[in-house]
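These notes concern the structure reproduced below.
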Protein chains: 2
Amino acid sequence: MHRRADVIAAALDILAEVGLPDLTMRRLGATLGVQQSAIYHHFANKQLLLGAVADEIVARGPHSSIEPDAPWPQRVRLACTDVHAAVLAYADGADVVMSMFAFGLGGQAAYDRLRSELRPSGLDEAVTASAARTLLHYVYGHAFDIQTRAQAARVGAIDPDSPEDDFAIGLTFVIDGIAGRANALGPAPSRE
Amino acid sequence: MHRRADVIAAALDILAEVGLPDLTMRRLGATLGVQQSAIYHHFANKQLLLGAVADEIVARGPHSSIEPDAPWPQRVRLACTDVHAAVLAYADGADVVMSMFAFGLGGQAAYDRLRSELRPSGLDEAVTASAARTLLHYVYGHAFDIQTRAQAARVGAIDPDSPEDDFAIGLTFVIDGIAGRANALGPAPSRE
DNA sequence: ACCTGAACACCGTTCAAGT
DNA sequence: ACCTGAACACCGTTCAAGT
């Protein structure tokens, strides 16, 4: 009857409508029309299910394309805004993707794309990996902040208060810092 | 008998010994020698307790001093390594502090210190605030990653794999990006 | 292979009642 | 002011048993 993909889709529906605290095995079973225990036939535990959900959130997000000869900082920026938009599309999406990535259970696609886009920078592989993780930490951290603040505002604990271009400003800081180091050791015009 | 500070201290003990999932009201009550329900006389709910715990984690962390005439990027870097060390000192410290900061319930001290250290950059207030948040997102995101990976490694789900100087590399990217923008509009020698 | 039904060992929170 | 004792409405997970 049901396949793994059905369970993941139902989980995303719940996430979109309510949020992570309401994504319970009981509610998931009710959405699928089965007992809660039936889900354990498809996923050994909830954590592994959330890992698959994290992958799907990133996969369903935008994958903007750009001229192949565009400078790499511009391509990196596009990759970051894509991931940012992807996790913002579902309530607590940043929480799920960030946690699962750190646990090694999902969100690997975003990390791989960033490393790939950073390759033309000329930075060695170890520094490139650090740069990709720095970008991810910022993107996830910013999205988590937005989503948590929205939830806090809904409970009336806080005023949202975050400016419109906040994400873009911070992203420019990080990318400029990476580009600055890349320019310091080779030719790769990115600004000016 | 017990005061608010006793409850917070007991919560930090539990965090240091085990971790956030074991920081239950029942265990907290047992540590304090009271019923779980007694804690609700000091904190209206668990979330407000965690907010106070987050403040205490930051307060107990290092507060490194430096020559007052040191360049501001150096002072900002020190503030970041202080906060990083503070949250790493307790299991799931990054998770608690990050969540409570986003919810507006704690960790305000770190944000205020960063904004203060960034003032000499000459950036206007809105950009300075964005810069401070960018740094916090990176610091918390990185620490969260480390602590979650450590937990995953304990369960045997992943290899730790993160290089030693990873935090320093990413921090340089972010600070250089901020300094680059500051230098573009006024005199403030930070590098070279 | 896929699911049911019932249980187990937990949670956070509430509340009358005590001192 | 501070705490007890007991309950309420939940959790994730397991497991024998069905088809």
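Lettering of chains follows the sequences in order, A, B, ..., and the numbering in each one begins at 1.
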Worksheet item: Looking at B:Tyr111, does the NZ or CZ of B:Arg115 lie under 6.0 angstrom from its six-membered ring centre and within 45 degrees of the ring axis?
Response: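 Yes; both conditions hold, so B:Arg115 lies above the ring face of B:Tyr111.
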Worksheet item: Please walk me through it: do A:Leu88 and A:Gln147 pass side chain to side chain contact (heavy atoms under 4.5 Å, CB included)?
Response: CA-CA 7 Å; A:Leu88 283 181; A:Gln147 294 186 315; 3.8 Å; yes
Worksheet item: Side chains of A:Met100 and A:Gln47: does their closest heavy-atom pair fall under 4.5 Å?
Response: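 Sidechains of A:Gln47 and A:Met100: in contact.
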Worksheet entry | Residue pair B:Ile175 / B:Leu135, side-chain heavy-atom distance below 4.5 Å |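 SC-SC contact between B:Ile175 and B:Leu135 confirmed.
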Practice prompt. Indicate for each nucleotide in nucleotides 12-19 of chain C, in 5' to 3' sequence, whether protein heavy atoms under 4.0 Å reach the base (B), only the sugar-phosphate (S), or nothing (-).
Written response: BBBB----
Rounded to whole Å, how long is the line connecting atom [atom1] of [X] with atom [atom2] of [N]?
| X | N | atom1 | atom2 | value |
| --- | --- | --- | --- | --- |
| B:Leu32 | D:dT4 | CG | P | 10 Å |
| A:Arg27 | D:dC11 | CZ | P | 10 Å |
| B:Leu28 | C:dC11 | CG | C1' | 14 Å |

Discussion item. With a 4.0 Å cutoff (strictly under), does any side-chain N or O of B:His42 reach OP1 or OP2 of D:dC3?
Written reply: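 For B:His42, the contact criterion (side-chain N or O under 4.0 Å from OP1 or OP2 of D:dC3) is met.
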Worksheet item: Considering Watson-Crick and G-U wobble pairs with both distances under 3.5 Å, what does D:dA16 pair with?
Response: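 The answer is C:dT4, by the H-bond criterion.
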Worksheet item: Given the side-chain rings of B:Phe167 and B:Tyr138, with only the six-membered ring counted for Trp, is the space between their centroids under 6.0 Å?
Response: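 Close enough - the centres of the two rings lie under 6.0 Å apart.
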Discussion item. Checking contacts here: which listed nucleotide (C:dC2, C:dT4, D:dC3) is nearest the side-chain heavy atoms of A:Gln35?
Written reply: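 It is C:dT4.
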Worksheet entry | Gap in Å between the two P atoms, one belonging to D:dA17 and one to C:dC2, rounded |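 It comes out at 22 Å once rounded to the nearest Å.
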Discussion item. Under 3.5 Å, is there a donor on one side chain and an acceptor on the other for B:His137 and A:His137?
Written reply: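 Short answer, no.
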